[in-house]
2 protein chains.
Amino acid sequence: MTKPKHEPLIDLCRQRGLRITGQRRVILQVLDAADDHPNVEELHRRVGEREPGVNIATVYRTMNKLADLGLIERHIFDDGRLRYEPAPDEHHDHLINVDTGEVIEFRSDEIERLQEEIAQKYGFEIVSHKLELYVRLRKKR
Amino acid sequence: MTKPKHEPLIDLCRQRGLRITGQRRVILQVLDAADDHPNVEELHRRVGEREPGVNIATVYRTMNKLADLGLIERHIFDDGRLRYEPAPDEHHDHLINVDTGEVIEFRSDEIERLQEEIAQKYGFEIVSHKLELYVRLRKKR
DNA sequence: CATCCAGATGCAAATGAGTCGCAAGTATGA
DNA sequence: TCATACTTGCGACTCATTTGCATCTGGATG
């Protein structure tokens with residue numbers, strides 16, 4: 001079932017000097033396998049499927065460490081909970097289906113450009129930004 | 001600064017059938033006077049300056065009621081706390097100075113348009129959206 | 001291969017924003 | 001003025017996340 005795919009996070013962690021413990025190995029595998037934006041509870045559930053007994057505090061601490069190192073990205077959508085995704089090569093924004101919770105990533109160079117323009121107009125430089133579209137399926141008519 | 005003698009929120013509340021109690025009167029005055037995006041703790045502090053003894057739970061409940069009626073807007077920036085501003089006539093987004101916490105409102109019709117375009121491309125309609133630019137002053141060089 | 005110890009873990013308790021139940025108080029329409 | 005449904009204060013509660021601490025262990029060192 002679990003064919004060992006490539007697990008880039010483990011290598012990245014080693015490079016950064018993080019100890020690879022049994023718990024972390026599993027957490028990193030779960031992250032590498034995730035193609036969505038799970039919160040910590042969900043991550044903990046997925047970790048538990050592979051290796052029961054990992055404490056949720058460990059998941060929290062690991063996520064904090066990875067986020068501090070920039071290996072994963074932290075998001076807070078409108079439910080107020082922390083969510084994570086492996087750090088993407090290129091910045092993107094999110095479109096959230098309010099009915100299903102599904103999250104779709106998108107990117108608009110034009111919006112990025114306009115944001116820069118606006119920040120400049122006020123004399124600022126952008127440190128980070130957040131664009132979330134809360135959407136539902138277009139009604140037929 | 002201009003002291004607002006007009007207190008539009010009180011009239012709006014009456015129209016919507018909300019009882020105007022002493023506590024609410026003060027809270028509404030504070031909201032009418034605010035030109036920023038205070039969280040509940042800060043609102044409670046400002047209320048306490050005018051009228052000590054109002055419980056913070058009352059502030060929470062009042063804000064929830066006002067938000068449900070659409071008289072104020074609720075925001076959550078990156079500190080994760082609830083913030084409020086009187087409902088604006090026209091939608092705007094926020095630029096947050098990460099060094100000072102200052103919040104500046106801006107509007108870009110072009111970005112609004114692009115957002116619509118993106119949502120449509122995926123077959124969705126936008127329910128709401130959130131655009132926040134976290135910025136700092138441009139360094140001289 | 002054995003040792004060592006900073007860093008990692010499990011667990012329970014703490015934290016902190018926000019909510020809720022309830023008894024007591026009060027605004028408002030009749 | 002009365003009746004009553006809405007509000008309030010207060011403390012207890014929730015729930016996600018963090019933290020203190022005793023114990024354990026990865027992996028560098030000898």
Side-chain angles (χ1 to χ4, degrees), chain A residues 7 9-31 37-48 50-69 71-84 101, chain B residues 9-31 37-45 47-48 50-69 71-84 101:
Chain A
E7 292 166 352
L9 276 175
I10 291 191
D11 297 329
L12 283 170
C13 283
R14 274 195 228 281
Q15 286 170 27
R16 302 305 196 89
L18 275 197
R19 278 197 198 166
I20 307 303
T21 64
Q23 294 91 325
R24 283 198 183 153
R25 192 184 310 278
V26 179
I27 293 170
L28 295 170
Q29 285 170 355
V30 167
L31 282 171
H37 300 69
N39 61 31
V40 175
E41 192 184 3
E42 172 63 17
L43 283 169
H44 181 237
R45 201 192 57 68
R46 295 183 196 176
V47 167
R50 301 180 184 230
E51 168 91 13
V54 177
N55 196 280
I56 197 168
T58 299
V59 183
Y60 273 107
R61 281 190 278 231
T62 301
M63 299 318 280
N64 281 338
K65 206 140 249 189
L66 296 176
D68 289 347
L69 292 176
L71 303 184
I72 60 176
E73 258 183 26
R74 203 196 309 258
H75 300 291
I76 304 182
F77 298 148
D78 270 2
D79 69 350
R81 304 192 55 176
L82 296 171
R83 294 171 176 276
Y84 297 91
Chain B
L9 276 175
I10 290 189
D11 297 329
L12 283 169
C13 283
R14 281 219 172 79
Q15 288 170 27
R16 302 306 195 88
L18 277 197
R19 280 195 196 166
I20 308 303
T21 64
Q23 293 91 326
R24 282 197 183 153
R25 192 185 310 281
V26 179
I27 293 171
L28 294 170
Q29 285 170 354
V30 167
L31 282 171
H37 302 67
N39 61 29
V40 174
E41 192 184 3
E42 172 63 16
L43 283 169
H44 182 238
R45 202 192 56 69
V47 166
R50 299 180 187 229
E51 168 92 12
V54 177
N55 195 280
I56 197 166
T58 299
V59 183
Y60 273 108
R61 281 189 279 231
T62 302
M63 301 318 281
N64 280 339
K65 208 142 249 189
L66 296 176
D68 288 348
L69 293 176
L71 303 184
I72 60 175
E73 254 183 28
R74 205 197 307 260
H75 300 291
I76 302 182
F77 298 149
D78 268 3
D79 69 350
R81 304 195 54 178
L82 297 172
R83 295 170 176 274
Y84 298 92

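Throughout, a chain's letter reflects where its sequence line sits, starting with A, and its residues are numbered from 1. Heavy-atom basis, side chains included; hydrogens, waters and symmetry copies ignored.
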For T21(B) and dA27(C), is the shortest distance between a side-chain N/O and OP1 or OP2 below 4.0 Å?
no
Using whole Å, report how far CZ of F77(B) lies from C1' of dA17(C).
17 Å
Rounded to whole Å, CG of D78(A) lies from P of dA16(D) at a distance of 16 Å
Proximal nucleotide (of dT28(C), dG10(C), dA16(D)) relative to the I20(B) side chain:
dT28(C)
Compare the minimum distances between each of dT7(D), dA8(C), dA16(D) and the side chain of L18(B), then state the nucleotide with the smallest one.
dT7(D)
Closest of dT17(D), dT19(C), dT9(C) to the R24(A) side chain is dT9(C)
Can you find a heavy atom in the side chain of H75(A) that is under 4.5 Å from one in the side chain of H37(A)?
yes
Minimum heavy-atom distance between L71(A) and C13(A), given as atom pair plus value
CD1-SG, 3.9 Å
Nearest heavy-atom pair of V26(B) and E51(B): which atoms, and what distance?
CG2-CB, 3.9 Å
Reckon K65(A) has a side-chain N or O less than 4.0 Å from the OP1 or OP2 of dG7(C)?
no
On DNA chain C, nearest-nucleotide positions of G53(A) versus V40(B): which is more 5'?
G53(A)
I want to confirm an ordering. Mapping R14(B) and N39(B) to their closest nucleotides on DNA chain C, which one lands closer to the 5' end?
N39(B)
Using OP1 and OP2 only, check whether a side-chain N or O of Y60(B) sits under 4.0 Å from dG18(C).
yes
Which heavy-atom pair separates H44(B) from V54(B) by the least distance, and what is that distance?
NE2-O, 2.7 Å
Would you indicate, yes or no, if dT8(D) has its OP1 or OP2 atom less than 4.0 angstrom from a side-chain nitrogen or oxygen of N55(B)?
no
What is the distance, rounded to the nearest whole Å, between atom CG of N64(B) and atom C1' of dT19(C)?
9 Å
Quick check on dG10(C): is either OP1 or OP2 less than 4.0 Å from any side-chain nitrogen or oxygen of Q23(A)?
yes
For I10(B) and I20(B), the nearest pair of non-hydrogen atoms, with its separation, is O-CD1, 4.1 Å
Stepwise salt bridge (Lys or Arg N to Asp or Glu O under 4.0 Å) check, E41(B) with R81(B):
CA-CA 10 Å; E41(B) 192 184 3; R81(B) 304 195 54 178; 2.8 Å; yes
Given L12(A) and L66(A), is the side-chain contact (heavy atoms from CB on, under 4.5 Å) satisfied, shown in steps?
CA-CA 10 Å; L12(A) 283 170; L66(A) 296 176; over 6 Å; no
Within the structure provided, determine whether R24(B) and K65(B) are in side-chain contact (heavy-atom separation under 4.5 Å).
yes
Using atom CG of D68(A) as one end and atom P of dT17(D) as the other, report the distance to the nearest whole Å.
15 Å
Could you tell me how far apart I76(B) (CD1) and dA17(C) (P) are, to the nearest whole angstrom?
14 Å
Going 5' to 3' through nucleotides 20-25 of chain D and flagging B where a protein heavy-atom sits under 4.0 Å of the base, S where only the sugar-phosphate is that close, and - otherwise, we get B----B
Separation of dT19(C) C1' from R81(B) CZ (nearest whole Å)
15 Å
Rounded to the nearest Å, what distance is computed from the CG atom of residue D79(B) to the C1' atom of nucleotide dG16(C)?
13 Å
Starting at NE2 of H44(B) and ending at C1' of dG16(C), how long is that distance when rounded to a whole Å?
16 Å
